[in-house]
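Everything on this sheet refers to the single structure shown next.
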Amino acid sequence: MLLECCVDSVESAIEAQRGGADRLELCGNLMIGGTTPSIQFFNSVKKYTDIKVNVLLRPRFGDFCYSDLEFEILLDEVKEFAKAKADGIVIGVLKPDGTIDEERMARLIDAAQGLPITFHRAFDVTRDAMEALEVCERLGVSTILTSGQKNSAAEGKELLAQLVKKAQKVDILVGSGVSSNNLPMLIESTRAHSYHMSAKKQIESPMVYRREGVSMGLPMMSEFTNWRTDREEVARARAILDRAGGK
(Lines give C-alpha, C1' and ligand atoms only; values in the text may rest on other atoms or scores of the structure.)
Protein backbone atom coordinates (compact mmCIF):
# COMPACT_ATOMS: atom_id res chain seq x y z
CA MET A 1 0.00 0.00 0.00
CA LEU A 2 1.74 3.14 -1.25
CA LEU A 3 1.50 6.58 0.34
CA GLU A 4 2.57 9.61 -1.68
CA CYS A 5 2.66 13.12 -0.22
CA CYS A 6 2.56 16.25 -2.35
CA VAL A 7 4.85 18.93 -0.92
CA ASP A 8 5.93 22.44 -1.86
CA SER A 9 8.64 23.08 0.72
CA VAL A 10 11.74 21.33 1.99
CA GLU A 11 10.28 21.37 5.50
CA SER A 12 7.16 19.57 4.27
CA ALA A 13 9.26 17.00 2.43
CA ILE A 14 11.20 16.20 5.60
CA GLU A 15 8.01 15.92 7.66
CA ALA A 16 6.35 13.68 5.06
CA GLN A 17 9.30 11.28 5.13
CA ARG A 18 9.34 11.27 8.93
CA GLY A 19 5.62 10.46 8.94
CA GLY A 20 6.15 7.42 6.74
CA ALA A 21 5.50 8.55 3.16
CA ASP A 22 6.89 6.24 0.48
CA ARG A 23 7.23 8.91 -2.17
CA LEU A 24 7.00 12.66 -2.66
CA GLU A 25 5.33 14.62 -5.40
CA LEU A 26 7.29 17.85 -5.58
CA CYS A 27 5.60 21.03 -6.78
CA GLY A 28 5.49 24.76 -6.30
CA ASN A 29 2.39 26.72 -5.31
CA LEU A 30 0.38 23.83 -3.96
CA MET A 31 -2.45 26.15 -2.92
CA ILE A 32 -3.30 26.73 -6.59
CA GLY A 33 -3.01 23.08 -7.54
CA GLY A 34 0.74 22.97 -8.04
CA THR A 35 3.17 24.33 -10.61
CA THR A 36 6.68 23.34 -11.67
CA PRO A 37 9.20 23.57 -8.78
CA SER A 38 12.64 25.06 -9.22
CA ILE A 39 15.62 22.79 -9.78
CA GLN A 40 17.21 24.30 -6.66
CA PHE A 41 14.19 23.27 -4.61
CA PHE A 42 14.41 19.75 -6.06
CA ASN A 43 18.11 19.50 -5.25
CA SER A 44 17.51 20.62 -1.67
CA VAL A 45 14.75 18.05 -1.16
CA LYS A 46 17.01 15.32 -2.52
CA LYS A 47 19.71 16.49 -0.11
CA TYR A 48 17.52 16.29 2.99
CA THR A 49 15.38 13.24 2.19
CA ASP A 50 16.09 9.76 0.90
CA ILE A 51 12.74 8.61 -0.50
CA LYS A 52 11.60 8.78 -4.11
CA VAL A 53 10.82 12.22 -5.51
CA ASN A 54 8.49 12.62 -8.46
CA VAL A 55 8.30 16.11 -9.96
CA LEU A 56 5.08 17.81 -11.07
CA LEU A 57 5.55 19.82 -14.25
CA ARG A 58 2.89 22.44 -14.93
CA PRO A 59 3.90 25.79 -16.42
CA ARG A 60 0.98 27.76 -15.03
CA PHE A 61 -2.25 27.73 -13.07
CA GLY A 62 -5.42 26.83 -14.99
CA ASP A 63 -6.35 24.32 -17.65
CA PHE A 64 -4.07 21.82 -19.40
CA CYS A 65 -4.40 22.96 -23.02
CA TYR A 66 -1.03 24.55 -23.63
CA SER A 67 0.25 26.95 -26.25
CA ASP A 68 3.28 26.05 -28.34
CA LEU A 69 5.48 28.23 -26.15
CA GLU A 70 4.13 26.64 -22.95
CA PHE A 71 4.69 23.17 -24.36
CA GLU A 72 8.25 24.10 -25.26
CA ILE A 73 8.81 25.01 -21.60
CA LEU A 74 7.29 21.70 -20.47
CA LEU A 75 9.54 19.74 -22.80
CA ASP A 76 12.64 21.53 -21.53
CA GLU A 77 11.56 20.94 -17.91
CA VAL A 78 11.13 17.21 -18.51
CA LYS A 79 14.65 17.04 -19.91
CA GLU A 80 16.05 19.13 -17.04
CA PHE A 81 14.53 16.99 -14.28
CA ALA A 82 15.40 13.74 -16.04
CA LYS A 83 19.01 14.92 -16.15
CA ALA A 84 18.77 15.88 -12.46
CA LYS A 85 17.74 12.28 -11.69
CA ALA A 86 14.16 12.77 -10.57
CA ASP A 87 12.52 9.44 -9.74
CA GLY A 88 9.47 10.17 -11.89
CA ILE A 89 7.74 12.85 -13.94
CA VAL A 90 4.16 14.03 -13.33
CA ILE A 91 2.56 15.60 -16.40
CA GLY A 92 -0.65 15.93 -18.38
CA VAL A 93 -1.60 17.63 -21.65
CA LEU A 94 -5.09 17.87 -23.13
CA LYS A 95 -6.60 18.89 -26.44
CA PRO A 96 -9.37 21.51 -26.65
CA ASP A 97 -11.97 18.73 -27.08
CA GLY A 98 -11.16 17.24 -23.65
CA THR A 99 -9.14 14.29 -24.88
CA ILE A 100 -5.52 13.53 -24.01
CA ASP A 101 -3.04 15.03 -26.47
CA GLU A 102 -1.31 11.78 -27.38
CA GLU A 103 1.24 13.33 -29.71
CA ARG A 104 2.50 15.84 -27.17
CA MET A 105 2.38 13.32 -24.34
CA ALA A 106 4.47 10.91 -26.41
CA ARG A 107 7.10 13.62 -26.93
CA LEU A 108 7.23 14.38 -23.21
CA ILE A 109 7.48 10.69 -22.33
CA ASP A 110 10.31 10.24 -24.82
CA ALA A 111 12.12 13.22 -23.27
CA ALA A 112 11.81 11.60 -19.83
CA GLN A 113 14.29 8.93 -20.92
CA GLY A 114 12.54 5.98 -19.33
CA LEU A 115 11.49 7.59 -16.06
CA PRO A 116 8.09 6.50 -14.69
CA ILE A 117 5.32 8.82 -15.82
CA THR A 118 2.33 9.87 -13.74
CA PHE A 119 -0.58 11.44 -15.62
CA HIS A 120 -1.81 14.03 -13.12
CA ARG A 121 -5.31 15.31 -12.39
CA ALA A 122 -5.72 16.67 -15.90
CA PHE A 123 -7.25 13.19 -16.11
CA ASP A 124 -10.17 14.46 -13.99
CA VAL A 125 -11.22 16.99 -16.61
CA THR A 126 -11.07 14.68 -19.62
CA ARG A 127 -14.37 14.08 -21.41
CA ASP A 128 -14.33 10.30 -20.93
CA ALA A 129 -12.41 8.65 -18.10
CA MET A 130 -12.34 5.15 -19.59
CA GLU A 131 -11.15 6.48 -22.93
CA ALA A 132 -8.43 8.46 -21.11
CA LEU A 133 -7.40 5.32 -19.21
CA GLU A 134 -6.96 3.45 -22.49
CA VAL A 135 -4.84 6.26 -23.91
CA CYS A 136 -2.62 6.31 -20.80
CA GLU A 137 -2.08 2.57 -21.04
CA ARG A 138 -1.29 2.86 -24.74
CA LEU A 139 1.26 5.60 -24.02
CA GLY A 140 3.01 3.56 -21.33
CA VAL A 141 2.03 5.81 -18.43
CA SER A 142 2.74 4.05 -15.13
CA THR A 143 0.37 5.94 -12.81
CA ILE A 144 -2.81 8.02 -13.02
CA LEU A 145 -3.44 10.49 -10.20
CA THR A 146 -7.21 10.95 -10.00
CA SER A 147 -10.12 11.89 -7.76
CA GLY A 148 -12.58 10.00 -9.96
CA GLN A 149 -13.45 13.16 -11.90
CA LYS A 150 -14.91 14.86 -8.84
CA ASN A 151 -13.60 17.59 -6.53
CA SER A 152 -12.61 14.96 -3.99
CA ALA A 153 -11.79 11.27 -4.00
CA ALA A 154 -14.63 10.64 -1.55
CA GLU A 155 -17.09 12.05 -4.07
CA GLY A 156 -15.49 10.13 -6.93
CA LYS A 157 -15.19 6.77 -5.22
CA GLU A 158 -17.54 4.93 -7.60
CA LEU A 159 -15.56 5.88 -10.70
CA LEU A 160 -12.30 5.24 -8.85
CA ALA A 161 -13.45 1.69 -8.13
CA GLN A 162 -14.27 1.21 -11.82
CA LEU A 163 -10.87 2.52 -12.88
CA VAL A 164 -9.03 0.27 -10.41
CA LYS A 165 -10.96 -2.72 -11.73
CA LYS A 166 -10.38 -1.90 -15.40
CA ALA A 167 -6.74 -0.77 -15.27
CA GLN A 168 -4.37 -3.40 -16.63
CA LYS A 169 -1.01 -1.64 -16.83
CA VAL A 170 -1.56 1.59 -14.88
CA ASP A 171 -1.58 2.14 -11.12
CA ILE A 172 -4.56 4.22 -9.98
CA LEU A 173 -3.29 6.74 -7.42
CA VAL A 174 -6.24 8.05 -5.40
CA GLY A 175 -5.92 11.74 -4.57
CA SER A 176 -7.72 14.96 -3.58
CA GLY A 177 -9.05 15.35 -0.07
CA VAL A 178 -7.51 12.09 1.17
CA SER A 179 -7.07 12.06 4.95
CA SER A 180 -6.78 9.61 7.80
CA ASN A 181 -10.49 10.21 8.44
CA ASN A 182 -11.70 8.99 5.05
CA LEU A 183 -8.87 6.65 4.11
CA PRO A 184 -10.53 3.49 5.53
CA MET A 185 -13.66 4.22 3.49
CA LEU A 186 -11.62 4.91 0.34
CA ILE A 187 -9.68 1.67 0.72
CA GLU A 188 -12.88 -0.32 1.13
CA SER A 189 -14.73 1.49 -1.67
CA THR A 190 -12.03 1.69 -4.34
CA ARG A 191 -9.74 -1.28 -3.58
CA ALA A 192 -6.86 0.91 -4.74
CA HIS A 193 -3.37 0.26 -3.41
CA SER A 194 -1.94 3.78 -3.80
CA TYR A 195 -2.99 7.04 -2.13
CA HIS A 196 -1.92 10.66 -2.48
CA MET A 197 -2.33 13.32 0.21
CA SER A 198 -0.99 16.72 1.23
CA ALA A 199 -1.71 16.40 4.98
CA LYS A 200 -1.33 20.13 5.42
CA LYS A 201 -1.67 22.14 8.60
CA GLN A 202 -1.49 25.91 9.11
CA ILE A 203 1.69 27.43 10.48
CA GLU A 204 1.67 31.00 11.73
CA SER A 205 4.25 33.29 10.12
CA PRO A 206 7.09 34.54 12.37
CA MET A 207 6.46 38.09 11.10
CA VAL A 208 5.83 40.50 13.96
CA TYR A 209 5.23 43.65 11.93
CA ARG A 210 2.25 43.08 9.61
CA ARG A 211 1.17 45.58 6.99
CA GLU A 212 -2.56 45.21 6.61
CA GLY A 213 -4.51 45.81 3.41
CA VAL A 214 -1.73 44.79 1.00
CA SER A 215 -2.23 41.47 -0.73
CA MET A 216 0.59 39.72 -2.57
CA GLY A 217 -1.56 36.92 -3.96
CA LEU A 218 -5.03 35.56 -3.48
CA PRO A 219 -6.90 38.23 -1.50
CA MET A 220 -8.92 35.69 0.46
CA MET A 221 -5.79 34.18 1.98
CA SER A 222 -3.67 35.64 4.78
CA GLU A 223 -0.13 36.60 3.87
CA PHE A 224 0.88 35.49 7.36
CA THR A 225 -0.25 31.86 7.22
CA ASN A 226 2.02 29.15 5.87
CA TRP A 227 1.06 25.56 5.15
CA ARG A 228 3.25 22.61 6.05
CA THR A 229 2.86 18.86 5.92
CA ASP A 230 1.66 17.47 9.25
CA ARG A 231 3.93 14.56 10.16
CA GLU A 232 1.37 13.13 12.59
CA GLU A 233 -1.37 13.08 9.95
CA VAL A 234 0.97 11.29 7.54
CA ALA A 235 1.78 8.78 10.28
CA ARG A 236 -1.93 8.14 10.91
CA ALA A 237 -2.46 7.48 7.21
CA ARG A 238 0.62 5.25 7.10
CA ALA A 239 -0.71 3.14 9.97
CA ILE A 240 -4.07 2.72 8.26
CA LEU A 241 -2.46 1.60 5.01
CA ASP A 242 -0.15 -0.80 6.84
CA ARG A 243 -3.11 -2.42 8.59
CA ALA A 244 -5.00 -2.68 5.31
CA GLY A 245 -1.95 -4.22 3.66
CA GLY A 246 -1.53 -6.77 6.41
CA LYS A 247 1.63 -5.40 8.00
With a 4.5 Å cut-off on side-chain heavy atoms, are [Y] and [X] touching?
X	Y	answer
Leu30	Cys6	yes
Pro184	Ile240	yes
Val55	Pro37	yes
Ile144	Asp171	no
Ile14	Thr49	yes
Leu75	Leu108	yes
Phe71	Ser67	no
Glu4	Asn54	yes

Donor-acceptor contact present, side-chain Arg238 to main-chain Gly20, <3.5 Å: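 Present.
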Any side chain to side chain donor-acceptor pair (under 3.5 Å) involving residues 177-187? Give me the pairs, sequence neighbours left out, ordered by first then second residue.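 Checked against side chain to side chain donor-acceptor pair (under 3.5 Å) - neighbours excluded - the pairs reaching residues 177-187 are Ser180-Glu233.
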With ILVMFWY side chains joined below 4.5 Å, transitively, what does Leu173's cluster contain besides itself? Leu2, Leu145
Answer with yes or no whether the hydrophobic clustering places Ile73 together with Ile109; edges join I, L, V, M, F, W, Y residues whose side-chain heavy atoms lie under 4.5 Å apart. no
Report yes or no: do Leu139 and Leu56 belong to one cluster of Ile/Leu/Val/Met/Phe/Trp/Tyr joined by side chain heavy-atom distances under 4.5 Å? no
Return each pair, listed once, that meets salt bridge (Lys or Arg N to Asp or Glu O under 4.0 Å) where at least one residue sits in residues 52-67; pairs must be two or more places apart or across chains.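 Residue pairs passing salt bridge (Lys or Arg N to Asp or Glu O under 4.0 Å), neighbours aside: Arg60-Asp63, Arg60-Glu70.
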Qualifying salt bridge (Lys or Arg N to Asp or Glu O under 4.0 Å) pairs with a residue from residues 191-209, counting only residues at least two apart or across chains: Glu204-Arg210
Listed by chain and number, what are the side chain to side chain contact (heavy atoms under 4.5 Å, CB included) partners of [X], not counting sequence neighbours?
X	answer
Asn29	Ile32, Thr35
Glu137	Leu133, Ala167, Gln168, Lys169, Val170
Glu155	Lys150, Asn151, Ser152
Ile51	Gln17, Ala21, Leu24

Roughly how far apart are [X] [atom1] and [Y] [atom2], rounded to 0.5 Å?
X	Y	atom1	atom2	answer
Phe41	Cys27	CZ	SG	7.5 Å
Thr229	Arg231	OG1	CZ	11.5 Å
Phe123	Thr146	CZ	OG1	5.0 Å
Asn226	Ile203	CG	CD1	8.0 Å
Lys85	Asn43	NZ	CG	12.0 Å

Are the charged groups of Asp124 and Arg121 less than 4.0 angstrom apart, N to O? yes
Got more than 12 heavy atoms from elsewhere within 6.0 Å of [atom1], [X]?
X	atom1	value
Glu72	CD	no
Arg236	CZ	yes
Glu188	CD	no

In chain order, what residues pass the salt bridge (charged side-chain N to carboxylate O under 4.0 Å, His left out) check against Glu80, with sequence neighbours excluded? none
Once salt bridge (charged side-chain N to carboxylate O under 4.0 Å, His left out) is applied, do any residues pair with Asp230, and if so which ones, sequence neighbours excluded?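 Scan of Asp230 (salt bridge (charged side-chain N to carboxylate O under 4.0 Å, His left out), adjacent residues dropped) gives none.
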With a cut-off of 3.5 Å and sequence neighbours excluded, list every side-chain donor-acceptor pair involving residues 157-164.
none

Below 30° counts as parallel, above 60° as perpendicular, anything between as tilted: where do the rings of Phe64 and His120 land?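 The arrangement is tilted - the two ring planes meet at 30° to 60°.
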Against Leu3, only a single residue in Leu183, Val178, Leu241 fulfils side chain to side chain contact (heavy atoms under 4.5 Å, CB included); can you say which?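 Checked Leu183, Val178, Leu241 against Leu3; only one passes side chain to side chain contact (heavy atoms under 4.5 Å, CB included): Leu241.
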Under 3.5 Å, which donor-acceptor pairs do the side chains of residues 86-105 form with other protein atoms, sequence neighbours left out?
| from | atom 1 | to | atom 2 | distance (Å) |
| --- | --- | --- | --- | --- |
| Asp87 | OD2 | Lys46 | NZ | 3.1 |
| Asp87 | OD2 | Val53 | N | 2.8 |
| Asp97 | OD1 | Thr99 | N | 3.1 |
| Asp97 | OD1 | Thr99 | OG1 | 2.6 |
| Asp101 | OD1 | Glu103 | N | 3.4 |
| Asp101 | OD1 | Arg104 | N | 3.1 |
| Glu102 | OE1 | Arg138 | NE | 3.3 |
| Glu102 | OE1 | Arg138 | NH2 | 3.4 |
| Glu102 | OE2 | Arg138 | NH2 | 2.9 |
| Arg104 | NH1 | Tyr66 | O | 2.7 |
| Arg104 | NH2 | Asp68 | OD1 | 2.8 |

